[in-house]
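This report refers to the structure that appears directly beneath it.
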2 protein chains.
Amino acid sequence: MGRGVTLRDVADRAGVSSRTVSNVVNGYAPVAEATRARVQQAVDELGYRPNVLARNLAAGRSGQIAVVVPYLDTPYFSELLQGIIRAARIQGYNVLIDQTDGDAEHEKLFLSRGSERLLFDGVIFSPLGLAQADLAGRDPSLPLVVLGERVSDGGFDHIGIEDVTASREATEHLIGLGRRRIAAIGDQPYRTGEAAQLRTRGFRLAHERAGLPVHEELIVSTPRFNRSDGAAAMAHLLDLAEPPDAVFCYSDLVALGALRTLASRGLRVPEDVAVVGYDDIEDGRYANPSVTTISPDKKLIAETAVERLLNRITSSTPVPGQEIRAPHRLIVRESTVGREAGQAGQAAREVPRQPAEEGRH
Amino acid sequence: MGRGVTLRDVADRAGVSSRTVSNVVNGYAPVAEATRARVQQAVDELGYRPNVLARNLAAGRSGQIAVVVPYLDTPYFSELLQGIIRAARIQGYNVLIDQTDGDAEHEKLFLSRGSERLLFDGVIFSPLGLAQADLAGRDPSLPLVVLGERVSDGGFDHIGIEDVTASREATEHLIGLGRRRIAAIGDQPYRTGEAAQLRTRGFRLAHERAGLPVHEELIVSTPRFNRSDGAAAMAHLLDLAEPPDAVFCYSDLVALGALRTLASRGLRVPEDVAVVGYDDIEDGRYANPSVTTISPDKKLIAETAVERLLNRITSSTPVPGQEIRAPHRLIVRESTVGREAGQAGQAAREVPRQPAEEGRH
DNA sequence: ATGAAAGCGCTAACAC
DNA sequence: GTGTTAGCGCTTTCAT
């Protein structure tokens with residue numbers, strides 16, 4: 001049953017050469033209708049299945065792309081991954097997953113090793129531990145698309161949203177609500193925390209434009225962007241002499257953690273503290289209260305990443321690196337404006353609604 | 001830089017045959033120390049990297065396993081996947097991901113095609129659309145481990161938890177709390193809804209043992225196990241003349257959706273309605289209220305799945321299919337017992353605690 | 001302990 | 001249009 005039936009077997013059976021069988025199977029060169037039928041019949045009878053490995057070896061390509069993310073169980077990445085897999089499959093590519101746990105060494109290894117040469121034809125990479133500078137040490141022959149906040153050096157494509165703008169908008173939303181002691185959770189002042197730093201910049205910029213002072217003690221750093229970090233940071237903020245009346249969280253996960261702490265302390269959201277997140281993961285839409293957030297166009301990011309990468313892979317001439325900006329929106333939900341009157345008691349099949357949506361960019 | 005340096009190049013450089021280089025690189029046969037050093041030096045100088053494809057073709061294995069799940073963005077699967085990738089990597093295997101969207105045809109295709117012969121050496125498969133019977137039509141030569149609620153037919157290994165027992169325990173927990181109108185969300189009475197049916201059986205069993213009647217109108221079916229299904233089902237239940245005072249949800253996602261509806265309706269959890277979930281995903285631990293749940297040992301499931309699969313792959317003799325039961329626990333959290341006194345106002349870095357934990361099985 | 005050589009199964013020049 | 005054939009880069013008997 002398909003075990004070990006080779007192209008040659010089919011060729012013998014059909015009384016043609018392996019070349020012709022190859023052509024029939026791949027639809028490459030034109031083949032006479034009579035021959036094609038004969039070959040096809042032999043293929044069916046023998047249950048022939050091409051050996052992908054051999055094909056790839058001969059063709060010098062693997063038909064696989066690798067996706068490297070820090071954490072797989074982070075909703076943002078799994079949602080992105082889902083889009084990437086769908087897009088890749090349409091183009092006939094398989095997707096190999098690697099998870100780095102944010103470890104810089106692991107990430108570096110992945111880029112430097114053409115090691116797995118031919119195991120994958122290109123990489124979609126979402127660095128975390130890696131600093132911009134580390135990207136320089138990569139294998140230049142490896143087609144690469146980077147997601148997140150690194151900047152293209154010309155040798156790869158980079159896709160991201162306008163972090164500074166988005167963060168400014170998020171903060172302005174809070175300011176517009178009349179909040180004046182606004183905290184920020186997620187800053188990462190060290191070398192590789194570039195995403196975080198952009199968000200902090202936007203946070204400051206919003207204050208600046210509004211002529212408001214930034215309360216430095218309300219900017220708290222976290223090692224990661226996850227729930228427990230958010231919960232701990234929120235606890236810290238609430239223990240301050242003058243706690244914040246609003247929080248801009250650098251991820252929805254952080255926001256969810258913060259909400260958890262607020263609930264434990266018996267504080268009301270948004271009355272006592274308004275909360276904004278970042279990423280628009282599904283958890284945030286169903287959280288209680290639902291989370292106001294910056295929503296990057298993940299589907300577009302995924303599709304563009306695949307498209308650019310395949311373009312790089314198949315192009316015979318070097319492709320100049322592009323900086324690509326994906327659009328984002330601020331989605332306003334309960335964690336900043338509260339539950340709208342009448343939202344309780346809806347029709348049976350109705351899903352929690354997003355009270356308002358404001359398109360930007 | 002690594003482009004096209006072959007074994008033969010290294011051999012020439014070191015003045016040995018390619019056989020010897022192969023031995024050195026793979027550490028197979030014993031090699032004289034002097035030769036090994038010379039070869040190693042040539043390898044380093046030339047920046048030689050083995051071509052995985054060629055190696056695999058020659059060796060007749062791909063060094064890859066495929067993992068097939070219905071949805072990637074479902075936390076339960078992404079958490080599982082994370083464990084699988086880690087375990088596989090330790091054994092030197094790469095992981096190829098496929099997402100079926102629960103489509104039975106897609107799932108069937110995957111099993112029947114030795115199509116991608118040699119693209120992966122085996123499959124870890126979490127079927128959803130596929131019924132037990134469909135598993136029979138698979139390529140018998142493909143090493144297979146099935147996760148979830150199908151039963152091994154002897155040709156593959158199956159890993160799952162005791163669904164009936166777990167569901168009974170979850171329901172008994174609710175009964176023990178004095179609830180008498182207990183609903184169940186997630187039943188799937190059709191052919192392929194086997195996981196759901198087991199849970200419904202456990203649900204009934206608990207009632208039976210307690211000498212309590214099952215309120216049939218409180219068992220509601222859902223197409224999937226996700227948040228929106230849970231939210232809609234809960235809305236339906238609340239619109240009944242006699243709404244439930246407790247709900248057993250067949251996944252944490254369903255529970256999260258239900259919680260969302262309850263909050264929108266202004267109902268208190270657990271005072272008005274107690275909620276139990278299934279899967280123990282991270283969202284549930286940080287939800288507000290945190291979700292009491294059945295916690296399968298995901299790490300063990302992932303590791304066992306990889307171990308069994310690799311065993312199948314490397315074994316020269318046929319391995320009889322095994323039925324493997326992974327342990328589970330009922331983890332009691334706020335959604336059934338409420339917030340413990342004094343939980344509000346804890347130390348800064350403290351993460352929301354699980355009020356109580358009860359080991360079972 | 002090491003070398004020579006035959007494939008693994010397919011693709012793609014190169015001929016006819 | 002179709003056959004011939006030389007690899008793709010590595011593993012692996014079989015000698016030595």
Side-chain angles (χ1 to χ4, degrees), chain A residues 2-40 42-43 46-64 92 114-119 121 314 316, chain B residues 2-40 42-43 46-64 92 114-119 121 314 316:
Chain A
R3 273 234 73 67
V5 180
T6 81
L7 206 58
R8 173 144 254 107
D9 296 334
V10 177
D12 291 351
R13 171 87 165 209
V16 298
S17 82
S18 63
R19 163 70 200 271
T20 301
V21 179
S22 177
N23 282 339
V24 169
V25 171
N26 297 295
Y28 275 173
V31 178
E33 191 45 54
T35 343
R36 124 165 287 107
R38 202 144 35 89
V39 169
Q40 189 57 53
V43 164
L46 265 38
Y48 168 72
R49 304 258 162 224
N51 179 319
V52 196
L53 247 43
R55 166 182 295 173
N56 291 344
L57 176 59
R61 38 144 274 169
S62 70
Q64 300 189 141
S115 153
E116 306 290 3
R117 195 152 49 94
L118 275 187
L119 220 201
D121 300 331
T314 54
S316 45
Chain B
R3 274 234 70 70
V5 180
T6 81
L7 207 58
R8 172 147 253 106
D9 296 335
V10 177
D12 291 350
R13 172 85 163 209
V16 297
S17 84
S18 61
R19 162 69 200 273
T20 303
V21 178
S22 178
N23 283 338
V24 169
V25 171
N26 296 297
Y28 275 175
V31 178
E33 191 44 55
T35 338
R36 127 165 284 107
R38 203 144 35 89
V39 170
Q40 187 57 54
V43 165
L46 265 37
Y48 168 71
R49 304 255 163 227
N51 179 319
V52 197
L53 248 43
R55 165 180 297 174
N56 292 343
L57 176 59
R61 38 144 273 168
S62 70
Q64 300 189 144
S115 155
E116 306 289 4
R117 197 151 49 96
L118 275 188
L119 220 202
D121 300 330
T314 54
S316 44

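A, B, ... follow the sequence lines: proteins, then strands. Residue 1 opens every chain.
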In whole angstrom, give the distance that lies between atom CZ of B:R8 and atom C1' of D:dG9. 10 Å
Can you tell me how far P of C:dA1 sits from CZ of B:R38, to the nearest Å? 15 Å
Can you work out whether A:A32 or B:A59 has the more 5'-proximal nearest nucleotide on DNA chain D? A:A32
Mind listing the residues from residues 18-26 of chain A sitting with a heavy atom below 4.0 Å of DNA chain D? Number order is fine. A:S18, A:R19, A:T20
Let me confirm one number: the CZ-CZ distance from B:R38 to B:R13, rounded to the nearest 0.5 Å. 12.5 Å
Tell me whether the side-chain N/O atoms of A:S17 come closer than 4.0 Å to OP1 or OP2 in D:dG3. yes
Residue pair B:L46 / B:V5: nearest heavy atoms and the distance that separates them: O-CG2, 3.5 Å
Check: B:D9 main-chain N/O paired with B:D12 side-chain donor or acceptor under 3.5 Å: no
Give, for atom OG of A:S62 and atom CZ of A:R55, the distance between the pair rounded to the nearest 0.5 Å. 13.0 Å
What are the two closest non-hydrogen atoms of B:G63 and B:D121, and how far apart are they? N-OD2, 2.8 Å
For the pair made of CG in A:L119 and C1' in D:dG9, what is the distance, rounded to whole Å? 14 Å
Between A:R61 (CZ) and C:dT11 (P), how many Å, whole number? 10 Å
Can you tell me how far C1' of C:dG7 sits from CG of A:L53, to the nearest Å? 15 Å
With a 4.5 Å limit on heavy-atom distance, are the side chains of A:V43 and A:Q40 in contact? yes
Taking the side chain of B:T35 as heavy atoms from C-beta outward, which of C:dT2, D:dC10, D:dG7 is closest to it? C:dT2
Would you mind reading off the distance between A:R55 atom CZ and D:dG7 atom C1', rounded to a whole angstrom? 18 Å
Which atom names give the shortest non-hydrogen contact between A:L119 and A:Q64, and what distance separates them? O-NE2, 2.8 Å
Starting at atom CG of A:L57, determine the distance to atom P of D:dC8, rounded to an integer number of angstrom. 9 Å
Could you state the atom-to-atom distance from CG of B:L7 to P of D:dC8 in whole Å? 13 Å
